[in-house]
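Below is one structure, written out as structure tokens; comments come after it.
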2 protein chains.
Amino acid sequence: MTKTAEVILFPRNARTPAQFQQWLATVLQTFQDYLVTRGLTLTHQREAVLRCLMAAQRHLSLEDVYAEARRKDRTIGRATVFRTLRLLQECGLVAEVGSTDGRARFELKADRPHHDHMICVECGRILEFESPMMERFQDEAVKRHGFVALWHRHEIFGRCAACRRLRGRAS
Amino acid sequence: MTKTAEVILFPRNARTPAQFQQWLATVLQTFQDYLVTRGLTLTHQREAVLRCLMAAQRHLSLEDVYAEARRKDRTIGRATVFRTLRLLQECGLVAEVGSTDGRARFELKADRPHHDHMICVECGRILEFESPMMERFQDEAVKRHGFVALWHRHEIFGRCAACRRLRGRAS
DNA sequence: ATTGATAATGAAACTCAGTTTCATTGAGTG
DNA sequence: CACTCAATGAAACTGAGTTTCATTATCAAT
């Protein structure tokens, strides 16, 4: 299987600095609210991890977040990043997404409405797409089986337009 | 409203012994054909791994296959099971499916038409379902982005009807 | 401020599924 | 038979993920 070095996120919708601040405040508040219900506090390390994810233009792995956070604070540890990512997943702010290199990657769910992923096996690029119709039929299928969905993962692996143009259609 | 045709395929549709033999022969032939193109041979160990997967009534992990194969042949090794599973994936006979316990699990793709999975986070049960409508909208989305799909993974994690009845709706 | 309780932390150790190494076996060919 | 090379299993290795543990930070109650 192809070993891709990096997962690239398609550029997110632009945000003005003011919009970003607004968004930041909201998300931080959400996180803090969750922490409070657990008797925990929003420390500067926890905030740093969340800020990394919010500023990132791509899906980050634990190691990515660790390296990035460490650039600003030499003392932050892997363990804290790990534990914070777990907290963020528990409160629903962050989700793990698929990757082609065996490392878990994370994205902010609060960022954009629900979307699925197309992952290029050639270059590792991740294309995000929405399909309300698919969501609808999924909901229907789930209900039909008496199931209650908590989260889902829909990843299509294949070859993106750019890679097909470059290398032709041959496998 | 369009009616989606979903089918619960687990437990799988019964096969008569004769039908099973027919199926077995076909699948083994497919595997051997692939091996030949690579200058490899269908050894009894490789056949054993494939037979385990075909006989199984559930999704097996590497360790499951190893234990099962070892029941019949004390000498078979983990490494061979691992390598055979890789070969089976390469030739498209087998696919990795999601799990809740961190161990990769495998299923025969040749067994049934394409289907997606609902995975109960409580009991780990996997419900398989088809939704042609979802497939259709997926194809559409893929085309729209100039993507060519090779395979995909659609897993819905949640709580199955039985577990909800048992434990109530509380999280 | 001082104390005591407890949350939080980072470095390092540990886990374990997954993967590779390597010496040996086996199957096929000339 | 000798030669080649695929195939194998045991054991060693890998590395992302996770836990441990000694230390530090926080904060409430003196």
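Below, read A as the first sequence line, B as the second, and so on, with proteins coming before strands; counting in each chain starts at 1.
The phosphate of C/dT9 has neither OP1 nor OP2 within less than 4.0 Å of any side-chain N or O from A/Thr75. Taking side-chain N and O atoms only, B/Thr43 has a distance below 4.0 Å to OP1 or OP2 of D/dT8.
Side-chain atoms of B/Gln45 lie closest to D/dT8 of the nucleotides C/dA12, D/dT8, C/dG18. When distances run from any side-chain atom of B/Leu40 to the nucleotides C/dA11, C/dT19, D/dA6, the shortest one goes to D/dA6. When distances run from any side-chain atom of B/Arg70 to the nucleotides D/dA10, C/dA17, C/dA11, the shortest one goes to D/dA10.
Residue contacts shown for B/Arg86 are limited to sugar-phosphate atoms, with no base heavy atom under 4.0 Å away. Residue A/Arg46 is classed as a sugar-phosphate contact, given heavy-atom separations below 4.0 Å to backbone atoms only. Looking at heavy-atom distances under 4.0 Å, B/Glu63 makes no contact with the nucleic acid at all.
The aromatic rings of B/His154 and A/His152 are tilted relative to each other, their planes meeting at an angle between 30° and 60°. Between B/His117 and B/His59, the ring planes lie perpendicular to each other; the angle is over 60°, past the 30° to 60° tilted range.
Not a single donor-acceptor pair under 3.5 Å links the side chain of A/Arg153 to the backbone N or O of A/Val97.
Residue order along DNA chain D, read from the 5' end via each residue's closest nucleotide, puts A/Ser61 first among A/Ser61 and A/Arg83. In terms of position along DNA chain C, the nucleotide closest to A/Tyr66 lies nearer the 5' end than the nucleotide closest to the other residue of the pair B/Glu96 and A/Tyr66. The nearest heavy atom of DNA chain C to B/Gly102 and to B/Thr41 marks one nucleotide each, and the one closer to the 5' end goes with B/Gly102. Nucleotides of DNA chain D nearest to B/Arg78 and A/Leu62 differ in position, and the one nearer the 5' end is that of B/Arg78.
Atom C1' of nucleotide D/dT8 and atom CD of B/Glu47 are separated by 17 Å, given to the nearest angstrom. In this structure, the CZ atom of A/Arg103 is 10 Å from the P atom of D/dG15, given to the nearest Å. When rounded to the nearest whole Å, the span between CZ of A/Arg38 and P of C/dT6 equals 17 Å. Rounded to an integer number of Å, the gap from A/Phe82 CZ to C/dT15 C1' is 12 Å. As rounded to whole Å, 12 Å separates atom C1' of C/dC16 from atom CG of B/Asp101. Summarising the geometry, the separation between CG on A/Leu42 and P on D/dT26 is reported as 13 Å, rounded to the nearest angstrom. For the pair B/Leu87 CG and C/dT19 P, the interatomic distance rounds to 13 Å; values are reported in whole Å. The distance between atom CG of B/Leu85 and atom P of D/dT8, rounded to the nearest whole Å, is 13 Å.
For A/Asp64 and A/Arg103, the salt-bridge test fails: no basic side-chain N is under 4.0 Å from an acidic carboxylate O. At a threshold of 4.0 Å, the pair A/Lys143-A/Glu140 does not count as salt-bridged, since none of the basic side-chain nitrogens sits closer than that to a carboxylate oxygen.
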